[in-house]
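Quick notes on the structure that follows.
Because the structure is a prediction, the values reported are computed rather than measured. Chain naming here is simple, since letters A, B, ... match the order of the sequence lines and numbering starts at 1 in each.
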Amino acid sequence: DAGVTQSPTHLIKTRGQQVTLRCSPKSGHDTVSWYQQALGQGPQFIFQYYEEEERQRGNFPDRFSGHQFPNYSSELNVNALLLGDSALYLCASSQRQRGYTFGSGTRLTVV
Amino acid sequence: GDSVTQMEGPVTLSEEAFLTINCTYTATGYPSLFWYVQYPGEGLQLLLKATKADDKGSNKGFEATYRKETTSFHLEKGSVQVSDSAVYFCALSEEAGTALIFGKGTTLSVSS
């Protein structure tokens with residue numbers, strides 16, 4: 001049984017560019033949450049999607065947007081990249097109010 | 001707003017030593033509390049959790065007790081192994097299925 005799958009594993013972007021990160025949830029899970037983990041810090045909640053709607057959002061600017069598809073997979077989009085957006089982006093899936101399963105993350109470097 | 005504070009690391013121990021990682025929290029309600037572990041190059045794995053006061057979470061020899069009176073959830077293990085070397089995160093969630101709020105993490109390094 002595959003867990004949470006994130007792609008790509010690593011990528012490098014230039015300031016001002018746009019990036020899309022992808023997440024496939026664990027089988028049977030219908031909720032996807034995204035977190036940003038800066039180097040040496042704990043993960044910070046970006047937003048959560050359920051039934052293709054954004055259900056909860058953390059303190060991130062509108063440059064961060066997302067989408068959930070009918071098959072429960074999700075995308076995280078970041079526009080107008082800043083150097084400070086360099087981080088590990090983690091996707092976590094869950095089924096209703098049960099525990100989260102985290103993916104291994106996408107390492108984004110903005111240069 | 002809600003927050004989690006963990007002891008600063010790194011924590012360096014010899015194999016079979018006793019481990020304590022302190023965690024305190026601030027919350028408006030009655031949150032659930034968690035410890036997650038992150039091994040190098042991997043995502044987060046749930047280590048243990050507690051959902052109400054005086055609950056004790058335990059897993060793989062690790063334990064933590066939800067102390068409402070001291071707003072704490074300290075992680076302990078009686079005898080650490082080299083394989084326990086990782087980063088440990090304390091976290092809370094106000095309601096089941098909602099956002100997790102994490103501490104900054106504590107790096108544990110165990111040598112043989």
Reported CZ-to-CD distance for the pair A:Phe102 and B:Gln38, which is rounded to 0.5 angstrom: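 Here the rounded value is 9.5 Å.
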Pairwise distance NZ(B:Lys104) to CD(A:Gln37) - rounded to 0.5 angstrom: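 Rounded to the nearest 0.5 Å, the NZ-CD separation comes to 13.0 Å.
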Options B:Ile101, B:Leu100, B:Val87, ranked by heavy-atom pairs under 4.5 Å with chain A, top entry: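 It is B:Leu100.
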Look at atom [atom1] of [X] and say whether more than 12 heavy atoms of other residues, nucleotides or ligands are closer to it than 6.0 Å.
X	atom1	result
B:Glu8	CD	no
A:Glu54	CD	yes
B:Lys77	NZ	yes
A:Asn59	CG	no
A:Arg15	CZ	no
A:Phe69	CZ	yes
A:Leu39	CG	no

Given a strict heavy-atom distance threshold of 4.5 Å, which part of [X] is in contact with chain B: side chain, backbone, both, or neither?
X	answer
A:Gln41	both
A:Arg55	side chain
A:Leu88	side chain
A:Phe47	neither
A:Gln44	neither

If hydrophobic clusters are built from ILVMFWY residues whose side chains come within less than 4.5 Å, do [X] and [Y] share one?
X	Y	value
A:Leu82	A:Leu21	no
A:Phe60	A:Tyr49	yes
B:Val80	B:Val37	yes

Per-residue contact mode, [X] against chain A (heavy atom under 4.5 angstrom):
X	value
B:Phe34	neither
B:Glu95	neither
B:Thr107	neither

Close side-chain approach of B:Leu44 to A:Pro43, heavy-atom, < 4.5 Å: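 With C-beta onward as the side chain, the pair touches.
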Validation row: B:Phe102, A:Phe45 side chains within 4.5 angstrom (heavy atoms):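 No, every pair of side-chain atoms sits at 4.5 Å or beyond.
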Main-chain N/O of B:Gly97 paired to A:Tyr100 side chain as donor or acceptor, under 3.5 Å: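 Yes, the answer is positive, given that a donor and an acceptor are paired below the 3.5 Å cut-off.
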A:Gln48 (side chain) donor-acceptor with B:Ala99 (main chain) under 3.5 angstrom: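 Pair absent, no side-chain N/O of A:Gln48 close to backbone of B:Ala99.
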Heavy-atom pair of closest approach, residues B:Gly41 and A:Ser104: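 In terms of heavy atoms, the two residues are closest at O-CB, 4.4 Å.
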